[in-house]
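Report on one structure; see the data block that follows.
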Amino acid sequence: MRKSILTRLNNWIIFVVMTALVVGIVVASTSLINFLRKEEIKRISLLSKAIRIQQEVKTPDTDVLDLLPEILNINNTIPFIVTDKNKNAILDLGYYRNIPENTIKDPEKLQDLIRNMEKNYDPIEIKVPDGNNQFVYYDNSRLLNNLRYSPYILGLFILLYFGFSFWFFRTIKKTDEGYLWAGLAKETAHQIGTPLSSMIGWMEIMKLENPDSEGVHEIEKDIERLRTISERFSKIGSIPELNDMNFNETIQVNYDYLKTRISRKVNFTLQLPNYTVLVPHNKILMSWVIENLVKNAVDAMKGEGSITMSVFERNKSILVEVKDNGSGMTKQQARNAFKPGYSTKKRGWGLGLSLARRVIHEYHNGDIKISQTEIGKGSTFRITIKKA
């Protein structure tokens, strides 16, 4: 529990750091854009003063004559145009710059451009001695317009990068877990196989000595059961063949077996459709899943109550439900029920439901979930598999 809390805390810390990094980049980029915008406004203000001085001074100094054209010509990025007080463009040399030639030649396009400039920035007024004041209309440079979207593009790129990294490492983790489960299952099958072979040999000897013994027959059943369990584990580590089709038969066989093995205090019922249900499945692995669900239900009822197993058709899928009237689960327990290692039982390893999920999801391309649960009223597990 403590490890889980620390893991979640670390995840939140990483999330907050990533978010702060993205927000910091966006804020820094926005600040840079605002700085550049202010600098461009200053350049246009200086340019406006140069135009005013050029109009006011009749006999300027030689240095001033050289400086004014330089101020006008140094602006190679910011589009501007000078108009009279009636917003008519003055198209003399030096009174506009960085505006497309086709716009200059088209009066309608030029007026639209002036209106758009006015929406973005208030024009700078140039007061002239004769009272016919002029106005400098301007807009952002192309560089500034492009930079305006860069914080969002950069932020989106960073978020996508982190998202991809998260997906990548999560995929690696799931793959490693898959190999771990497969290795564990194969090793378990191998470990069971050695004493099982020996038991089969001794059983044959016992049958020769006393073939009609009831104890020998019961032990033989248990040995066959162990062989089935060993085969289940061996199939977890490899891709099983879905050769079995009669789904009703698989469920019925499991029901008949489990009914004789669970407590007589449990009222165990089965509801099957009155027609043959054909579903590609692996009988051994599907039996394991059903057995896990039924045993969990028995544990939840503490060996006393009722279990209903139902098979029915919905759209193009076959659904299997195992319903009990046991203790039920909280929302958190239901969310974690299929996670490896999670168990509400003191002696549970938390492997049954996680392996059941693997069998249904990865081998049968289906779904398994807790469709309903309530504290004190029981739970319903549902398996969904596509029809043949």
Side-chain angles (χ1 to χ4, degrees), residues 174 177-179 181-186 188-189 192-193 221 224-262 268-298 307-324 337-340 350-372 379-388:
K174 288 183 70 175
E177 286 178 355
Y179 285 132
W181 284 120
L184 178 62
K186 281 185 173 293
T188 303
I192 292 175
K221 289 180 183 178
E224 186 60 32
R225 188 62 182 170
L226 281 172
R227 183 184 293 169
T228 302
I229 292 171
S230 177
E231 192 172 353
R232 287 175 180 175
F233 277 107
S234 66
K235 288 183 181 295
I236 284 290
S238 58
I239 299 176
E241 295 181 356
L242 307 182
N243 294 329
D244 301 296
M245 293 297 295
N246 193 332
F247 202 64
N248 283 10
E249 182 182 346
T250 299
I251 300 299
Q252 184 69 57
V253 168
N254 272 271
Y255 170 76
D256 294 338
Y257 171 78
L258 291 169
K259 190 172 183 180
T260 62
R261 294 298 190 273
I262 61 179
F268 192 17
T269 58
L270 173 64
Q271 298 174 354
L272 286 176
N274 54 9
Y275 55 89
T276 302
V277 175
L278 299 178
V279 177
H281 66 284
N282 184 278
K283 184 181 293 185
I284 293 175
L285 292 181
M286 189 58 64
S287 299
W288 193 4
V289 173
I290 298 300
E291 185 176 325
N292 264 301
L293 296 183
V294 172
K295 286 185 176 180
N296 275 332
V298 173
I307 300 175
T308 302
M309 186 159 60
S310 309
V311 179
F312 55 96
E313 186 175 349
R314 178 177 294 175
N315 299 327
K316 296 182 179 180
S317 299
I318 298 299
L319 280 68
V320 183
E321 286 191 347
V322 177
K323 183 178 181 180
D324 66 71
F338 293 98
K339 291 182 178 179
L351 301 180
L353 288 179
S354 62
L355 287 173
R357 185 177 186 272
R358 181 183 177 90
V359 169
I360 297 299
H361 276 212
E362 298 186 19
Y363 298 154
H364 291 85
N365 198 27
D367 183 44
I368 181 170
K369 64 180 181 180
I370 301 170
S371 62
Q372 184 275 330
S379 304
T380 301
F381 284 78
R382 176 181 294 171
I383 300 169
T384 305
I385 301 179
K386 292 182 180 179
K387 289 174 60 181

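Remember, predicted model here, so these are calculated numbers, not experimental data. Computed from heavy atoms alone, side chains included, the values below leave out hydrogens, waters and symmetry copies.
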So how far is it from [X] [atom1] to [Y] [atom2], rounded to the nearest 0.5 Å?
| X | Y | atom1 | atom2 | answer |
| --- | --- | --- | --- | --- |
| Arg357 | Lys369 | CZ | NZ | 12.5 Å |
| Met245 | Leu278 | CE | CG | 5.0 Å |
| Ile383 | Met286 | CD1 | CE | 6.0 Å |
| Phe381 | Glu321 | CZ | CD | 12.0 Å |
| Leu353 | Asn292 | CG | CG | 6.5 Å |
| Asn282 | Leu242 | CG | CG | 6.5 Å |

How close do [X] and [Y] get, counting heavy atoms only, and between which atoms?
| X | Y | value |
| --- | --- | --- |
| Glu249 | Asn246 | N-OD1, 3.1 Å |
| Pro280 | Lys387 | CD-C, 4.5 Å |
| Ala297 | Ile307 | CB-CD1, 3.8 Å |
| Ser354 | Lys339 | CB-C, 4.2 Å |
| Thr384 | Ser317 | CG2-CB, 3.7 Å |
| Val320 | Ile290 | CG1-CD1, 4.0 Å |

Hey, are the side chains of [X] and [Y] touching, using non-hydrogen atoms and a 4.5 Å cut-off?
| X | Y | result |
| --- | --- | --- |
| Ile360 | Val289 | yes |
| Asn248 | Pro273 | yes |
| Phe312 | Ile318 | no |
| Met309 | Thr269 | no |
| Leu293 | Ile368 | yes |

(request) Please lay out, stage by stage, how Val253 and Ser287 fare under the test side chain to side chain contact (heavy atoms under 4.5 Å, CB included). (result) CA-CA 9 Å; Val253 168; Ser287 299; over 6 Å; no
(request) Return yes if some donor-acceptor pair links the side-chain N/O of His364 with the main-chain N/O of Val359 below 3.5 Å, else return no. (result) yes
(request) Would you check if the side chain of His281 reaches a backbone N or O of Asp244 as a donor-acceptor pair within less than 3.5 Å? (result) yes
(message) Once side-chain contact (heavy atoms from CB on, under 4.5 Å) is applied, do any residues pair with Gln252, and if so which ones, sequence neighbours excluded?
(response) Tyr255, Asp256, Leu270, Leu272
(message) Taking side-chain hydrogen bond (donor to acceptor under 3.5 Å, both in side chains) as the definition, give me every residue that meets it alongside Lys386, ordered by chain and number, with sequence neighbours left out.
(response) none
